[in-house]
Amino acid sequence: MSPDVTAVVVRLKLSLLRNGLRQSGGRRAAYVASAAAVLLFAALQLLGLIMLRGTEHADPLVVLLVAVLALGWAVMPLFFPSGDETLDPTRLVMLPLRPRPLVRALLAASLIGMGPLFTLCLFAGSVIAVARGALAYVVGVVGVVLALLVCVALARTVAAANIRLLTSRKGRDLAVLSGLFVAVGAQVVNFGAQRLGSSGLAQLDPAADVLRWVPPASAIGAVRSVSERSYATALLQLALSAAALVVLIAVWSRHLTRLMTSPDGSTLQAATETSVRGRTSTGLSRLLPAGRTGTVMERSLRYIWRDPKTKAAWVTSLAIGLIVPLFNALQGTGSIYFACFAAGMLGIMMYNQFGQDTSAFWMVAMTISSPRDAYVELRGRALALLLITLPYATLVTVLTTALLGDWPGLPEVLGLSFALLGAMLATGAWTSARFPYSIPQEGYKNVAPGQTGLAWISIFGGMIASALLCAPVIAVTIWLNVSENGDAWTWLLLPGGAAYGAAITLLGLRLAAPRTAARLPEILTAVSKG
């Protein structure tokens with residue numbers, strides 16, 4: 001008798017988890033620590049939901065919570081495709097498995113892990129918060145099971161529908177959006193929390209009235225319906241979640257059938273298109289300075305566009321640098337000086353300039369034989385960064401000023417932004433030579449093991465030094481704002497800040513160049529560890 005496919009796949013999932021923990025003590029410690037943190041957070045959330053029991057707005061809150069969790073289950077496979085090896089069904093294409101038993105097996109295996117346990121705790125707490133009566137708890141048990149299965153099936157369906165893209169080399173760039181998603185999501189949650197804190201939870205009622213009919217939130221919404229003796233409504237809400245589960249499993253099964261029986265053509269079209277187009281120049285080199293400076297600038301800009309890790313860092317910095325000042329301005333609590341945050345976020349990109357090259361830095365090192373060569377190399381990298389940061393910082397400052405209506409403060413804030421950017425370019429060039437570290441190309445870590453201390457010293461030490469370097473401009477700004485007739489002269493801070501930023505950048509590059517040329521072997525060793 002052949003073994004049950006579900007039992008085999010579940011044992012396979014457990015073996016993957018166990019063998020992953022056996023690889024190293026560090027990985028085992030990280031897993032235990034993260035599991036403890038997740039369980040603690042889940043326990044606190046469960047306790048908080050239980051404490052909401054009996055409150056007026058507990059029901060709309062839990063309905064929205066379930067909807068947000070379902071959204072998280074839907075998008076996480078797109079942002080973290082390598083987080084679970086069993087998410088890739090193409091690994092099983094050579095096995096004689098039918099789609100329907102395989103769907104059951106993968107669905108059961110998907111219930112193993114910290115994610116399903118965390119979701120289960122929140123769903124259980126949601127039921128306890130709104131249930132009244134024994135029948136409501138019985139319906140709650142059914143609702144929790146349905147909601148959890150819908151979330152897992154939704155994640156599996158999304159992963160199966162996009163697995164060809166997610167497992168291709170170019171498709172992995174989709175994970176770059178995770179930084180933008182997290183940045184925007186965090187600010188939206190912060191904005192919503194502040195609005196709820198000022199206006200109360202009653203604002204959730206209209207959205208909850210709609211979402212309680214959308215699976216899987218409808219499964220938890222059925223608990224309140226039973227508590228209010230609306231049995232027909234509760235039955236309809238449970239039926240909606242059950243129907244959604246059936247539809248998701250059917251779609252998932254169809255995608256599995258296609259994956260298991262059709263050839264992988266995800267790269268054929270790209271190869272054909274490449275052969276048709278040919279490798280033509282984009283014309284970027286014609287817009288840049290001649291000589292080594294232009295070559296370095298073009299290389300840096302291509303890293304930003306093509307390297308997934310570099311692109312992810314830039315996307316995150318651009319998003320946060322725009323969101324923080326604008327969201328604070330929209331809330332009416334922001335200051336025009338928040339616009340300097342944009343320059344600060346992009347100034348960080350100057351730090352660890354050689355780490356983004358990884359082991360390929362040896363080709364750059366071969367072209368540096370003197371401090372003059374090092375200076376031109378650093379200058380080209382700084383100019384490439386300025387090509388993006390100067391217009392970006394100006395745009396963010398203008399938008400923030402427009403939202404706040406504080407146009408007289410525009411020149412001084414722009415001057416401060418330019419001075420801060422110049423200081424960060426100077427300190428970034430120096431720390432890139434003094435504290436280089438490697439950026440692993442695989443996975444989601446941005447620092448190679450054993451180099452975390454170097455990264456902290458480089459970034460936070462450089463930021464503190466940048467703040468000290470900007471002290472003269474900050475002092476002049478404060479003096480002009482507090483003096484009696486200083487408002488008439490604040491416009492001088494724009495050319496003064498720009499000139500100061502340019503001067504401090506050139507000084508930083510001059511001081512960093514000899515150290516870079518002298519420490520090439522150490523830099524090459526440090527950035528090649530990943």
Side-chain angles (χ1 to χ4, degrees), residues 4-7 9-10 13 62-78 84 86-87 89 92 97-127 130-131 135-163 208 210-226 230-260:
D4 182 47
V5 176
T6 302
V9 174
V10 169
K13 178 67 174 288
V62 300
V63 168
L64 285 172
L65 176 64
V66 175
V68 170
L69 278 175
L71 178 63
W73 276 92
V75 300
M76 282 304 104
L78 298 176
D84 183 358
T86 61
L87 277 174
L92 307 175
L97 300 173
R98 295 183 179 275
R100 186 168 299 176
L102 184 59
V103 165
R104 290 197 301 266
L106 292 176
L107 187 62
S110 300
L111 297 174
I112 300 173
M114 300 307 302
L117 180 59
F118 176 80
T119 305
L120 179 63
C121 290
L122 265 63
F123 286 172
S126 300
V127 169
V130 299
L135 183 57
Y137 280 103
V138 173
V139 173
V141 172
V142 177
V144 166
V145 173
L146 269 177
L148 181 60
L149 289 176
V150 168
C151 288
V152 173
L154 179 61
R156 287 289 183 171
T157 304
V158 171
N162 297 278
I163 198 64
V210 176
L211 291 175
R212 73 178 71 258
W213 292 100
V214 178
S218 61
I220 305 300
V223 179
R224 180 195 176 186
S225 299
V226 171
S230 300
Y231 301 119
T233 302
L235 184 61
L236 180 58
Q237 288 173 317
L238 289 175
L240 285 174
S241 291
L245 178 61
V246 172
V247 171
L248 286 172
I249 290 178
V251 174
W252 181 14
S253 178
R254 185 164 62 250
H255 282 296
L256 277 179
T257 302
R258 185 179 300 118
L259 287 170
M260 305 288 274

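Note that these values count all heavy atoms, side chains included, but never hydrogens, waters or copies made by symmetry.
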Please name all residues satisfying side chain to side chain contact (heavy atoms under 4.5 Å, CB included) with Leu64, sequence neighbours left out, ordered by chain then number. Leu204, Ala207, Leu211
When you measure from the side chain of Lys13 to the backbone of Ser110, do you find a donor-acceptor pair of N or O atoms at a distance under 3.5 Å? no
Closest heavy-atom contact between Ala74 and Val158? O-CG1, 3.5 Å
Throw together a table of side-chain donor-acceptor distances under 3.5 angstrom for residues 113-127, partners on residues two or more places apart or in other chains.
| unit_1 | atom_1 | unit_2 | atom_2 | d |
| --- | --- | --- | --- | --- |
| Thr119 | OG1 | Trp73 | NE1 | 3.0 |
| Thr119 | OG1 | Gly115 | O | 2.9 |
| Ser126 | OG | Leu122 | O | 2.8 |

Calculate, to the nearest 0.5 Å, the distance between atoms NE2 and OG1 belonging to His255 and Thr257 respectively. 10.5 Å
Taking Ser225 for the side chain and Ser230 for the main chain, is one N or O donor matched with an acceptor at less than 3.5 Å? no
Contacts of Arg212 that satisfy side chain to side chain contact (heavy atoms under 4.5 Å, CB included) - sequence neighbours left out: Asp59, Val63, Ala208, Asp209, Arg224, Gln237
Roughly how far, to the nearest 0.5 Å, is the CG atom of Leu235 from the CG atom of Leu240? 10.0 Å
Restricting to non-hydrogen atoms, name the atom on Val66 and the atom on Ala217 that form the minimum distance, rounded to 0.1 Å. CG1-CA, 3.7 Å
Say whether, by atom type as modelled, one donor and one acceptor occur between the side chain of Ser253 and the main chain of Ile249 under 3.5 angstrom. no
Using atom types as modelled, flag every donor-acceptor pair under 3.5 Å from a side chain in residues 137-149 to any protein atom, sequence neighbours excluded.
| unit_1 | atom_1 | unit_2 | atom_2 | d |
| --- | --- | --- | --- | --- |
| Tyr137 | OH | Arg53 | NH1 | 3.2 |

Dump the intermediate steps for side-chain contact (heavy atoms from CB on, under 4.5 Å) on Leu111 and Leu107, then the final yes or no. CA-CA 7 Å; Leu111 297 174; Leu107 187 62; 5.6 Å; no
Within the structure provided, determine whether Trp252 and Val247 are in side-chain contact (heavy-atom separation under 4.5 Å). no
Mind checking what makes side chain to side chain contact (heavy atoms under 4.5 Å, CB included) contact with Ala108, not counting sequence neighbours? Thr6, Val10
With sequence neighbours left out, which residue pairs that include part of residues 135-151 fulfil the salt bridge (Lys or Arg N to Asp or Glu O under 4.0 Å) condition? none
Sequence neighbours excluded, the answer for side chain to side chain donor-acceptor pair (under 3.5 Å) partners of Ser218 is Ser241
Ring pair (Phe, Tyr, Trp, His ring centres under 6.0 Å) pairs touching residues 138-160, sequence neighbours excluded, are none
Side chain to side chain contact (heavy atoms under 4.5 Å, CB included) partners for Ala239, two or more places apart: none
